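One structure is given here, and the rest of the page talks about it.
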Amino acid sequence: MKTSPAVTIHYCSQCNWLLRAAWMAQELLHTFGTDLAAVTLVPGTGGIYEVTVDGFVIWDRKTEGGFPDAAALKQRLRDRCFPERPLGHVDNKGVKS
C-alpha cells in the first residue's frame with residue numbers, strides 16, 4: 001500500500017516568513033487535499049526557506065535564488081508525487097492559444 005506524501009516547509013522565523021510559509025501550505029492543501037499525509041511548518045533561522053516532500057528537496061530559496069510562486073511549487077510537487085495528475089489552469093500558465 002502506497003503512503004501519501006508529507007510536505008515540510010522549513011522557514012526562517014527571524015526573517016518573518018511564517019505568513020509566506022502558511023500561505024504556501026494553504027495553497028498546497030487546497031490543491032492536493034487529502035492526497036497529502038501532512039503539510040508541516042518548521043521554524044528555523046539563517047534565512048532558510050526550504051520545501052521538501054518526504055525528505056526530497058523540491059525548493060530551496062538559497063539554491064533557487066528566491067521564493068516560489070504557488071504555481072511553480074504545485075507543479076514540482078505534482079511532478080514528484082502525482083505525475084499523471086493535471087493541474088488545470090496552473091499547467092496552462094504562460095501558454096498562449
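From a predicted model like this one, the values you see are computed outputs, not experimental measurements.
Annotation for Leu41 and Ala21: closest pair CD2-O, 3.7 Å, computed over non-hydrogen atoms. Between Asp54 and Pro5, the shortest heavy-atom distance links the atoms OD2-CA, 3.4 Å.
For the pair Arg78 (side chain) and Arg85 (backbone), a donor-acceptor distance under 3.5 Å is present. Panel note: side chain Gln14, backbone Gly46; a donor-acceptor pair is recorded below 3.5 Å. With hydrogens and angles disregarded, no donor-acceptor distance shorter than 3.5 Å links the side chain of Thr45 to the backbone of Cys12.
In this structure, CG in Leu77 is found 9.0 Å from OG1 in Thr31, a value given to the nearest 0.5 Å. The CD1 atom of Ile58 sits 10.0 Å away from atom CD of Glu64, with the distance rounded to the nearest 0.5 Å. In this structure, SG on Cys15 lies 10.0 Å from CZ on Arg20, to the nearest 0.5 angstrom. Residue Met24 holds its CE atom at 7.0 Å from CG of Asp69, rounded to the nearest 0.5 Å. Distance check, rounded to the nearest 0.5 Å: OG1 of Thr52 to NE2 of His10 gives 9.5 Å. Taking CD1 of Ile9 as the start and CG of Leu18 as the end, the distance is 10.5 Å to the nearest 0.5 Å.
Linking Ile, Leu, Val, Met, Phe, Trp and Tyr whenever their side-chain heavy atoms come within less than 4.5 Å puts Val7 and Leu73 in one cluster. Both Trp23 and Leu29 are members of a single hydrophobic cluster when ILVMFWY side chains are connected at heavy-atom separations under 4.5 Å.
Within the structure, ring pair (Phe, Tyr, Trp, His ring centres under 6.0 Å) contacts touching residues 39-87 (residues at least two apart or in different chains) are Trp17-Phe67, Phe32-Phe82, Tyr49-Phe67.
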